[in-house]
Amino acid sequence: MAMSIVQSLQQAVSQAIENLYGEPFAADKVQIAPTSPEFTGDYTAVVFPYVKLAKKAPDVVGAEIGDFLQKNVPDVQAFNVIKGFLNIELSTAYWQNFLQNALADPGFGRQPRNGRKVMVEYSSPNTNKPLHLGHVRNCLLGWSCSQILDAAGYDVVKVQIVNDRGVAICKSMLSWLKYGEGKTPESTGIKGDHFVGDFYVLFEHKTRAEYEAWQQTDAARALFADKHKPEQSEKDFFKDYKNKWFNEYSSLGAEVRDMLLRWEAGHPDTVALWKQMNNWVYQGFEATYAKLGVAFDKLYYESDTYLLGKDIVEEGLSKGVFYRKDDGSVWVDLTDVGYDHKVVLRADGTSVYITQDLGTARMRYHDFGCESVVYVVADEQNYVFAVLFEVLRRLEEPYAQGLHHLSYGLVELPTGRMKTREGTVVDADDLVEEVIRIAREQAAERGGVEGDDREENLRKVGLGALKFFMIKVNPKRRMIFNPEESVDLQGQTGPYIQYSWVRINGLMQRVKRENVDLSPAVSYTDFQPQEKDLLKALHEFPGVVLTAAREYDPSHIANYCYGLAKSYHRFWHDLSVFNADAPEARAFRLELSRAVGKVLEAGMRLLGIEMPERM
RNA sequence: GGCUCCGUAGCUUAAUGGAUAGAGCAUCUGACUACGGAUCAGAAGGUUAGAGGUUCGAGUCCUCUCGGAGUCACCA
């Protein structure tokens, strides 16, 4: 592959230092950055690191290196030095050439395949209730991260692990058996995941009613009198006691545990019911994923993986990574890296969560051979993943050096964390409908364009607003989501970017209609600042994709697209395209617009955001 | 309490150790008989929580203090 201009400049600067001052300086240590907007130039070399070995003042060093570059690098046209910053101006020919190449390359911004496989795990829902706002952020991050890694040259495998077993789904199952009267999603017209979720909520209500009734019994009163702490109110006491009550006194609790035991024993009716209810949920999930525009290559189910990992525990024992206590439980000592002792197998020989995670990791490596894995999971599990990764490294698993936890901040509401019990959960399906509704409302207010594709465009605008809102901030930042006002359509938003693309689309339609000759573009040389800004921004695109991939951070792409769209809006406002005063200028601006449109579309696609034809 | 993360304008936020900390929202003032005004320009808004330190250079790295969050089950 040809060397990029930045690499050429690094090499040339390195060469200059060696020639001028007789000291070697590694080319990849040479700092080259895009020139700040307030100065003249395209790229800037920082010369402070060389003043010591040159034994000269910074501005002298800058001038000497600049002189060398101008003489030895054909693309360098001019330079200026300000306070130790060497600003380099590239030639018009370089920029013309760059634009033509970018336009000719259908995959501009994408790297060649690097032959490496990476797995991205995201979403990973429970099957007892529908997806909510938190899953939406997770899915958007997981999807865009997958797209970005793909663009960076990796082969990406997208997976989720579905928590399809355990107490939670048993609650929905029992609830349906007791109160369902044989209803189905089909018979009620309720989407499958919501249908099952409703029975989960109903179960919680019934449990609460049972608990409140129980609190009036003599046994409960006696217990409170005996066990409560001084200062503790009856209300607080019973709040804390709920779990214990559910496990020891509740008849619903007993029935759920019984159902879980029957499931684990493979009781046919129970398993059949479990399959039925989960299938309802999966149909609902699929619809939601389709609406969000995300997909998976393979699904893993906890019912298949929850027993895995015991062989790894044995291995770890023989390797000395783990140790066994007298009661038979198995542990790992991580105190030397500042963590704790962690149990990896219970005394009764059954798995804990990490046992399963170890087994799943190995199983997936066996399935796909990915040398690295990205887990998209909220930051409340930071410690869990730090421990998991440390254990896998100690076990010397072949993929252990490539593990990454894409940790993101929880999405909260203005009232605090979402709580199922308090009914404050923002449902994913509702949210999608809501943002499309807002887009429709806004379009009507602006006297939006009608047409056959109207609904499709409104969907793209609404989702574009939502997705951009959630992805433009650094993933690790916590986010307060106010459904009332979070999805703006003006300013630093998805629709702002979509609008710049729509403008370009309008130009391209006219080019086609009028069969405009674009060939004079190459003889245009008098770049205006607004045009130069766009050229420089386009030039950055491939590097931004690589940065986003390296840091597993889609927000870089979002911020880049915003910056490019902003430059384009200014260009549009300040300069005429079709009415340019010379044919070369008109053709060049059209070509430049075409390139911007192309990059905006590609960049936003990496975020899972589509461009509407009109808006 | 131990460990981890965070603190940038009224609010939401950006900034591979580099130049005068950059945007958006909200507020105020302007801009189309011109390719679409979901746009553009301008004003105002900052001791980057605080104090030390390293460096030619610190929002960024180190130490301490203050404030906030997460997490510390043989639960899933």
Side-chain angles (χ1 to χ4, degrees), chain A residues 31 33 35-39 44 46-49 51-52 58 82-85 87 126 163 165-168 243 247 302 306 325 327-331 337-340 342-353 355-356 378-384 386-387 407 409-410 412 439 442-443 445-446 448-449 461 465 469 472-474 476-480 482 485-486 488-500 502-507 509-511 543 547 550-551 555-556 559 562-563 565-566 568-580 586 589-590 593 614-615:
Chain A
Q31 292 180 46
T35 300
S36 270
E38 65 264 37
F39 301 98
T44 296
V46 184
V47 304
F48 292 111
V51 300
K52 233 177 250 170
I82 300 171
K83 297 199 304 186
F85 294 90
N87 300 317
N126 295 340
N163 185 359
R165 62 169 290 276
V167 173
N243 258 336
N247 288 327
E302 285 203 6
Y306 81 109
K325 280 192 181 172
D327 63 4
S329 59
V330 181
W331 295 73
V337 288
Y339 304 154
D340 220 329
K342 181 86 188 164
V343 67
V344 295
L345 197 69
R346 291 195 193 102
D348 64 5
T350 57
S351 301
V352 289
Y353 235 53
T355 326
Q356 184 186 149
D379 62 8
E380 55 189 353
Q381 296 198 44
N382 282 353
Y383 181 71
V384 169
V387 168
S407 164
L410 287 180
E412 295 187 12
Q442 288 294 310
E445 228 168 79
R446 295 163 209 274
V449 187
V461 172
F469 177 83
K472 73 177 177 185
V473 306
N474 189 312
K476 71 183 175 200
R477 215 175 249 281
R478 299 185 102 192
M479 148 178 317
I480 310 266
N482 186 342
E485 60 189 40
S486 282
D488 286 334
L489 306 181
Q490 287 172 29
Q492 195 177 31
T493 66
Y496 174 96
I497 299 164
Q498 289 171 323
Y499 185 58
S500 62
V502 166
R503 284 177 149 174
I504 292 167
N505 186 45
L507 293 180
Q509 297 298 324
R510 185 165 166 196
V511 166
T547 301
R550 192 182 59 241
E551 297 180 10
S555 70
H556 284 109
N559 288 321
Y562 172 69
K566 189 174 163 68
Y568 190 78
H569 280 307
R570 186 202 297 256
F571 160 88
W572 176 283
H573 177 268
D574 290 352
L575 304 172
S576 289
V577 179
F578 262 98
N579 303 327
R586 181 173 81 153
R589 287 173 192 168
L590 285 167
S593 297
R614 291 175 287 186
M615 59 193 286

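In what follows, chains carry the letters A, B, and so on, assigned in the order in which the sequence lines appear, proteins first and then strands, with residues in each chain numbered from 1.
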How many angstroms lie between atom [atom1] of [X] and atom [atom2] of [Y], to the nearest 0.5 angstrom?
X        : Y        : atom1 : atom2 : result
A/Arg589 : A/Trp572 : CZ    : CH2   : 13.0 Å
A/Glu302 : A/Tyr353 : CD    : OH    : 4.0 Å
A/Thr547 : A/Arg550 : OG1   : CZ    : 4.5 Å
A/Asn163 : A/Asn126 : CG    : CG    : 4.5 Å
A/Leu489 : A/Arg446 : CG    : CZ    : 6.0 Å
A/Ile82  : A/Phe39  : CD1   : CZ    : 5.0 Å

- prompt: Quick one: are A/Phe85 and A/Val46 in side-chain contact, heavy atoms under 4.5 Å?
  reply: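 When only atoms from C-beta onward are counted, A/Val46 and A/Phe85 do touch, with a gap below 4.5 Å.
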Length of the line joining [X]:[atom1] and [N]:[atom2], which is rounded to integer Å:
X        : N     : atom1 : atom2 : answer
A/Asp340 : B/U71 : CG    : P     : 16 Å
A/Met479 : B/G68 : CE    : P     : 23 Å
A/His569 : B/C32 : NE2   : C1'   : 16 Å
A/Asn559 : B/A15 : CG    : C1'   : 10 Å
A/Leu507 : B/A34 : CG    : C1'   : 13 Å
A/Asn579 : B/C32 : CG    : P     : 17 Å

When we call it a touch if two heavy atoms are under 4.0 Å apart, what does [X] touch: a base, just sugar-phosphate, or nothing?
X        : answer
A/Val502 : base
A/Arg477 : base
A/Gln498 : nothing
A/Ser500 : nothing
A/Leu590 : nothing
A/Asn126 : nothing

Selection from [options] that lies nearest to any side-chain heavy atom of [X]:
X        : options             : answer
A/Lys566 : B/A14, B/G24, B/U39 : B/G24
A/Gln492 : B/G24, B/G18, B/A73 : B/G24
A/Asn87  : B/U13, B/C35, B/A19 : B/A19
A/Glu380 : B/A34, B/G18, B/G70 : B/G70
A/Lys83  : B/G18, B/U20, B/A14 : B/U20
A/Ala33  : B/U13, B/U16, B/A38 : B/U16
A/Arg503 : B/U39, B/A19, B/G70 : B/U39
A/Val46  : B/A19, B/U13, B/G18 : B/G18
A/Ser36  : B/A23, B/A19, B/C35 : B/A19
A/Tyr562 : B/U16, B/A23, B/A19 : B/A23

Looking at [X], I'd like to know whether one of its side-chain N or O atoms comes within less than 4.0 Å of OP1 or OP2 on [N].
X        : N     : result
A/Trp572 : B/G37 : yes
A/Arg570 : B/A41 : yes
A/Tyr496 : B/C40 : yes
A/Lys472 : B/U13 : no
A/Arg346 : B/A73 : no

If stacking means aromatic ring centre less than 5.5 angstrom from the base's six-membered ring centre, planes under 30°, is [X] stacked on [N]?
X        : N     : value
A/Tyr499 : B/G36 : no
A/Phe48  : B/G18 : yes
A/Phe85  : B/A19 : yes
A/Tyr353 : B/A76 : yes

Work out how far the [atom1] atom of [N] is from that of [M], and round it to whole angstrom.
N     : M     : atom1 : answer
B/G30 : B/G22 : C1'   : 23 Å
B/A23 : B/A14 : P     : 15 Å
B/C25 : B/U16 : P     : 23 Å
B/G18 : B/A49 : C1'   : 24 Å
B/A9  : B/C35 : C1'   : 37 Å
B/G24 : B/A38 : C1'   : 14 Å
B/C11 : B/A26 : P     : 16 Å

Toward the 5' end of RNA chain B, by each residue's nearest nucleotide, A/Val461 or A/Phe571: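 The residue closer to the strand's 5' end, by nearest nucleotide, is A/Phe571.
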### Query
For RNA chain B, whose closest nucleotide is more 5', that of A/Gln490 or that of A/His556?
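In this pair, the answer is A/His556.
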Item to complete: Compute whether any side-chain donor of one residue and acceptor of the other, for A/Asp488 and A/Thr493, lie under 3.5 angstrom apart.
Response: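 No, no side-chain donor-acceptor pair sits under 3.5 Å.
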Is a donor-acceptor contact shorter than 3.5 angstrom present between the side chain of A/Asp574 and the base of B/A41?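 No, the side chain and the base share no sub-3.5 Å donor-acceptor pair.
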*Taking N and O atoms by type only, does the side chain of A/Ser555 place a donor or acceptor under 3.5 Å from a partner on the base of B/A14?*
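No such pair is found, so the answer is no.
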Could you check whether any side-chain N or O of A/Thr44 sits under 3.5 Å from a backbone N or O of A/Asn87, counting only pairs where one atom can act as donor and the other as acceptor?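 Between the backbone of A/Asn87 and the side chain of A/Thr44 there is no qualifying donor-acceptor contact (under 3.5 Å).
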| said: Stem finding on RNA chain B, please: runs of three or more consecutive Watson-Crick or G-U wobble pairs, both distances under 3.5 Å, sorted by first number. | reply: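 The stems that RNA chain B takes part in, listed by first number, are B:1-7 with B:66-72, B:10-13 with B:22-25, B:27-31 with B:39-43, B:49-53 with B:61-65.
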TODO: Return the orientation label for the A/His569 and A/Tyr496 ring planes: parallel under 30°, perpendicular over 60°, tilted otherwise.
DONE: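 Rings of A/His569 and A/Tyr496: perpendicular, over 60°.
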